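What follows is one structure encoded as structure tokens, with my remarks underneath.
Predicted model only: the values in this text are computed from it and were never measured.
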Amino acid sequence: MMKTRKGYQVYPLTDAQKFHLFYQNFCPKKEVLNIGTSLTIGTELDWDVLKKSIYKAYERCESMRLRFAADKEGNWYQYVVDKEERDIEFVDFSGKTMEEAEEIMRKWTRKPFKRADSPMNRLVMIKTPDGYNGLYLLVDHMTMDAQSLICFLKDIIEIYCSTLYEGVEYPKEMASYIEQLQKDLAYEAGSKAKERDAEFFRQMIESSEPIYNGILGSQKLERERKESGNPKLRAAVNVSDSVDSELDIFHLEAEPTERLLKFCEEYHVSLACLLIMGLRTYFQKMNGNDDVSINTAIARRATLKEKRSGGTRIHSFPFRTIIGKDKSFLEGIYDIRDLQNSYFRHANYNPVDYFAQRGKVYPNENGRTYEPMSLTYQPLTMRDKSLDKLGDIRYKTKWYPNGATTQAMYLTVMHRPEDNGLDFSFEHQVKAVSRDELEYLYYYLCKIMFKGVENPNLPIGDIIQLV
């Protein structure tokens, strides 16, 4: 076992990191762990000050200085270097069209990082053809997730603004990644909390076997039942034989988004609950099952330290609900909220262990699964107090697809910086799910959510009939 590397203390990987490594190993395209994004502002920037702000943000964020190394047995470890000395690149896209500039950034996003002893991110200062200026950031998912990435970009902007503008406060300190890492490793080493969490999920798994719901109905499951000669089969293969992916984005306008948010506020539920309710009701409508499972991501950032420590903290679990059609839309949402709260309490548990345990209880061959899709809702936006101080300067954020996914369909819901409306970003395997199918799903998802929000006491069965 490694103790130090290049004079730095070495640590094992966390469960969240191992989870990423686990599916990257199965993926022929190693860029599957890349996350690419840009943040641009509709104003001239002082590039020297921006560059200094970037170095400062690196200094404040340990997980952006993370490196990996493997021992002779091939086990990976991590360590944090003292400072970031790379030159920060500058690329001027002025002579190009927006399409050309975005295609270049997509290409950057599709280039995997070398894992051993090398930086796991790339930052480029950019000038875009639409007159906006800012940053492109590429990170490896083993070092950052969307929340910590947004947090890092905000830190750069806040440092920059506090340097140039009077009355803008210098941002509060970031939290230590290593400190948080040590807490996670202590939990994973076999704590009482871990035992409690394992027991919670064991009971959940053993209660009964879930059932697969297809995006367009139960044809896939019926076909596999026939082919396997098992009429009681409850799982199906969801992915295709190709990891090539596309990103399709559907935009919900600001005004209808506002109606959904108002409902959540009035009934004290999160938008994530409403989205899960909409999705599960859609699958219930299409498949006729009251029993619906989808994968949901949990950010594990409850405390301020967790929010500001960087790194990757996402754990993803199947979220199964059995909600009868006679229940009202609101009762369904409250069931989801209660279940979600119990998930939050046990979310430090290793998802890989969860799936291994479930595979023991319900052995499925050929990669059969019960979940047709994954959902992440990203409440954190770049809309921030420090940017408001600059008056009404407009800014844009964009996420760039890496071109590969090991899941058939992954929906990320985020707020747009321009108007706070919602973007539904479906990353999907091109051969597993078509754009037409996504459009169909999105159309009915919205119809179900709005019908439910307008008539919260209506039984789910009625909503299914009405849409």
Looking only at side chains, do Ser240 and Gln429 share a donor and an acceptor under 3.5 Å apart? yes
Going by heavy atoms in the side chains, are Cys273 and Gln340 under 4.5 Å from each other? yes
Could you tell me if the side chain of Leu271 sits less than 4.5 Å from the side chain of Leu260, heavy atoms only? yes
Answer yes if the side chains of Glu169 and Ser162 hold a donor-acceptor pair under 3.5 Å, and no otherwise. no
Counting C-beta onward and ignoring hydrogens, is there a side-chain heavy-atom pair between Asn295 and Tyr410 closer than 4.5 Å? no
Tell me if the aromatic rings of Tyr212 and Tyr370 count as close, with their centers under 6.0 Å from one another. no
How long is the span from the CD1 atom in Ile104 to the OH atom in Tyr400, to the nearest 0.5 Å? 11.0 Å
For His141 together with Tyr23, are the ring centres under 6.0 Å from each other? no
Distance alone, cut at 3.5 Å: any donor-acceptor contact between the side chains of Thr143 and Asp140? no
Using only heavy-atom distances, determine whether the side chains of Thr369 and Glu371 contain a donor-acceptor pair under 3.5 Å. yes
Identify whether NZ of Lys or CZ of Arg in Lys194 sits under 6.0 Å from the centre of the six-membered ring of Tyr349 and within 45° of that ring's axis. no
Do Asn133 and Thr128 have side chains that approach each other closer than 4.5 Å (heavy atoms only, starting at C-beta)? no
Report yes or no: is the cationic atom of Arg115 (NZ for Lys, CZ for Arg) closer than 6.0 Å to the six-membered ring centre of Phe68, at no more than 45° off its axis? yes
Do His20 and Thr312 get their side chains close enough for a donor-acceptor pair, meaning under 3.5 Å? yes
Are Arg122 and Glu89 close enough, and set up right, to give a salt bridge (Lys or Arg N to Asp or Glu O under 4.0 Å), and what steps lead you there? CA-CA 9 Å; Arg122 177 185 181 190; Glu89 307 161 71; 2.8 Å; yes
Describe, in one word, how the ring planes of Phe317 and His315 are oriented to each other, choosing from parallel (under 30°), tilted (30 to 60°) and perpendicular (over 60°). perpendicular
For a ring pair (Phe, Tyr, Trp, His ring centres under 6.0 Å) with Tyr136, tell me which candidate from Trp108, Trp399, Phe93, Phe90 qualifies. Trp108
Quick check: do Leu441 and Met409 have side-chain heavy atoms less than 4.5 Å from each other? yes
Do Tyr442 and Phe426 have ring centroids that are under 6.0 Å from one another? no
SB check Glu84 Arg86 (cutoff 4.0 Å): yes
Does atom NZ of Lys447 have more than 12 heavy-atom neighbours from other groups under 6.0 Å away? yes
Looking at Glu255, I'd like to know if its CD atom is crowded, meaning that more than 12 non-hydrogen atoms belonging to other residues, nucleotides or ligands lie closer than 6.0 Å. yes
Salt bridge Asp184-Arg300, side-chain N to carboxylate O under 4.0 Å: yes
Verify whether the ring centers belonging to Tyr343 and Phe319 lie closer than 6.0 Å. yes
Would you mind reporting whether Trp47 and Met125 have side-chain heavy atoms less than 4.5 Å apart? yes
Can you see whether Gln9 engages Thr4 through a side-chain donor-acceptor pair at a distance of less than 3.5 angstrom? no
Would Asp155 and Lys56 pass as an ion pair if we require N to O under 4.0 Å? no
Look at the aromatic rings of Tyr440 and Tyr282 and report parallel, tilted or perpendicular, splitting at 30° and 60°. perpendicular
Can you tell me how far OG of Ser293 sits from CZ of Arg280, rounded to the nearest 0.5 angstrom? 9.5 Å
Quick one: sort the Phe201 and His346 rings into parallel, tilted or perpendicular, breaks at 30° and 60°. perpendicular
Side chains of Asp423 and Ser425: is there a donor and an acceptor less than 3.5 Å apart? no
Lys6 side chain near Asp117 side chain, heavy-atom distance below 4.5 Å: yes
Should Glu265 and Lys262 count as an ion pair when the cut-off is N to O under 4.0 Å? no
Are any of the side-chain heavy atoms of Lys127 and Thr40 separated by less than 4.5 Å? no
Tested for salt bridge (charged side-chain N to carboxylate O under 4.0 Å, His left out) against Glu246, the lone hit among Lys431, Arg106, Arg435 is Arg106
